[in-house]
Amino acid sequence: MRVITGTARGRKLVTLEGLDVRPTTDMVKEAMFSIIQFEVEGAFVLDLFCGSGQLGIEALSRGARYCVFVDQSRDSQDVTRQNLQTTGLAKNSRVAAMDFAAFLRSSSDTFDIVLMDPPYKKGLTQAALPLVVPRMSPGGIILCETAREEELPEQVGAFARKKEYRYGKIKLTAYRRPEEEQA
């Protein structure tokens, strides 16, 4: 696993071992950042269910202003901190050591981009989406990585499912506010 492009391009990232961890493949990560390529520069990003922190680190490497990494696993928090140090991106980040719901309920931050990659088939994306929406900036985007067969809602608060992208067994779902509401 490595950083694809930007200031930390090519840096190898550490990942956790075991069946509970499923790092995003380079192909899917590349696709994810193609979707948001013109929105990353200067963005305030949330890497929810961060695991190793690779998605938020990729955003920082590509010019995001700041990233908050959230994971309840102490091992994931430690690996994320280690990867932030390795890439030299720690100063533009914060690792929140808490459950996603507790973080979203207590946070006063507003995010431009939310990257969600929770454990598959546990209903975590569906549980997190309604809590994420109030934390979004007006022109923000929510990108969810799930198993291909997971069903996500068409609408969550002011956000609508704009597009789904399929990559083998993986699905990326993008949520945005409808254009007429952004005017």
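Hydrogens, waters and symmetry mates play no part in the numbers below; they use all other heavy atoms, side chains included.
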Checklist outcome for this item: Sorted by chain and number, sequence neighbours left out, side chain to side chain donor-acceptor pair (under 3.5 Å) with E149 holds for K121
Item to check | Qualifying residues under salt bridge (charged side-chain N to carboxylate O under 4.0 Å, His left out), relative to D75, sequence neighbours excluded | outcome: none
Item to check | Contact check, side chains of V3 and L13, non-hydrogen atoms, under 4.5 Å | outcome: yes
Checklist entry - Would you find a donor on one side and an acceptor on the other, under 3.5 Å apart, between the side chain of K171 and the backbone of E164? => result no
Checklist entry - Side-chain contact, heavy-atom cut-off 4.5 Å: I141 with K162? => result no
Next on the checklist: Just checking R9: does its CZ atom have more than 12 heavy atoms from other residues, nucleotides or ligands closer to it than 6.0 angstrom?
Outcome noted: no
Item to check | salt bridge (charged side-chain N to carboxylate O under 4.0 Å, His left out) involving R148 - partner list, sequence neighbours excluded | outcome: none
Checklist entry - Y165 and A174: which non-hydrogen atoms are nearest, and at how many Å? => result CE1-CB, 4.5 Å
Checklist entry - Roughly how far apart are F111 CZ and F44 CZ, rounded to 0.5 Å? => result 5.0 Å
Checklist entry - Can you find a heavy atom in the side chain of L104 that is under 4.5 Å from one in the side chain of V132? => result yes
Item to check | Heavy-atom closest contact (N83 atom, S52 atom, distance) | outcome: ND2-O, 3.0 Å
Item to check | D47 to G56 - nearest heavy-atom pair and separation | outcome: OD2-N, 2.8 Å
Checklist entry - Could you state the interatomic distance from OG (S107) to CG (L131), rounded to the nearest 0.5 Å? => result 11.5 Å
Next on the checklist: According to salt bridge (charged side-chain N to carboxylate O under 4.0 Å, His left out), who are the partners of R105, at least two apart in sequence or on a separate chain?
Outcome noted: none
Checklist entry - Is the shortest heavy-atom distance from the side chain of T5 to the side chain of E58 under 4.5 Å? => result yes
Checklist outcome for this item: Sorted by chain and residue number, the salt bridge (charged side-chain N to carboxylate O under 4.0 Å, His left out) partners of R74 (sequence neighbours excluded) come out as none
Checklist entry - Any side-chain heavy atom of L124 sitting closer than 4.5 Å to one from M116? => result no
Next on the checklist: Is there a side-chain contact between I36 and L115 in this structure, where contact means two heavy atoms from C-beta onward sitting under 4.5 Å apart?
Outcome noted: yes
Checklist entry - Applying the 4.5 Å side-chain criterion to the ILVMFWY set and letting contacts propagate, would M136 and L152 be lumped into a single cluster? => result yes
Checklist entry - Can you name the side chain to side chain contact (heavy atoms under 4.5 Å, CB included) partners of V133, sequence neighbours left out? => result I142, V156, F159
Next on the checklist: How close do A160 and Q155 get, counting heavy atoms only, and between which atoms?
Outcome noted: CB-OE1, 3.6 Å
Checklist entry - Taking only residues at least two apart or on different chains, which pairs with a member in residues 29-40 satisfy side-chain hydrogen bond (donor to acceptor under 3.5 Å, both in side chains)? => result K29-Q54, E39-R176
Item to check | From CD1 (I57) to SG (C50), nearest 0.5 Å | outcome: 8.5 Å
Checklist outcome for this item: To the nearest 0.5 Å, atom OG of S93 lies from atom CD of Q85 at 8.0 Å
Checklist entry - How would you list all residue pairs meeting side-chain hydrogen bond (donor to acceptor under 3.5 Å, both in side chains) that involve residues 129-140, not counting sequence neighbours? => result D112-S137
Checklist entry - Within a strict 4.5 Å, meaning less than it, do heavy atoms of the L60 and T87 side chains meet? => result no
Checklist outcome for this item: Smallest heavy-atom separation, P178 atom then A158 atom, equals CD-O, 3.2 Å
Next on the checklist: If you define the side chain from C-beta out and look only at heavy atoms, does anything of D71 sit under 4.5 Å from T80?
Outcome noted: no
Checklist entry - Residues in side chain to side chain contact (heavy atoms under 4.5 Å, CB included) with M98, at least two apart? => result A96, A102, F103, S106
Checklist outcome for this item: Sorted by chain and number, sequence neighbours left out, side chain to side chain contact (heavy atoms under 4.5 Å, CB included) with E154 holds for R161
Next on the checklist: Per the salt bridge (Lys or Arg N to Asp or Glu O under 4.0 Å) rule, what does the pair list look like for residues 83-98, sequence neighbours excluded?
Outcome noted: R94-D109
Next on the checklist: Same cluster or not: I4 versus M1, using hydrophobic residues (I, L, V, M, F, W, Y) connected whenever any side-chain heavy atoms lie under 4.5 Å apart?
Outcome noted: no
Checklist entry - How many angstroms lie between atom OG1 of T15 and atom CD of Q82, to the nearest 0.5 angstrom? => result 11.0 Å
Item to check | Listed partners of A127 passing side chain to side chain contact (heavy atoms under 4.5 Å, CB included), at least two apart | outcome: F100
Checklist entry - Any chance the side chains of E145 and Y120 put a donor and an acceptor closer than 3.5 Å? => result yes
Next on the checklist: Could you report the tightest heavy-atom contact between G53 and F69, atom names first, then the distance?
Outcome noted: O-CE2, 3.3 Å
Checklist entry - Rounded to the nearest 0.5 Å, what separation is found between the CD atom of E41 and the CZ atom of R65? => result 11.5 Å
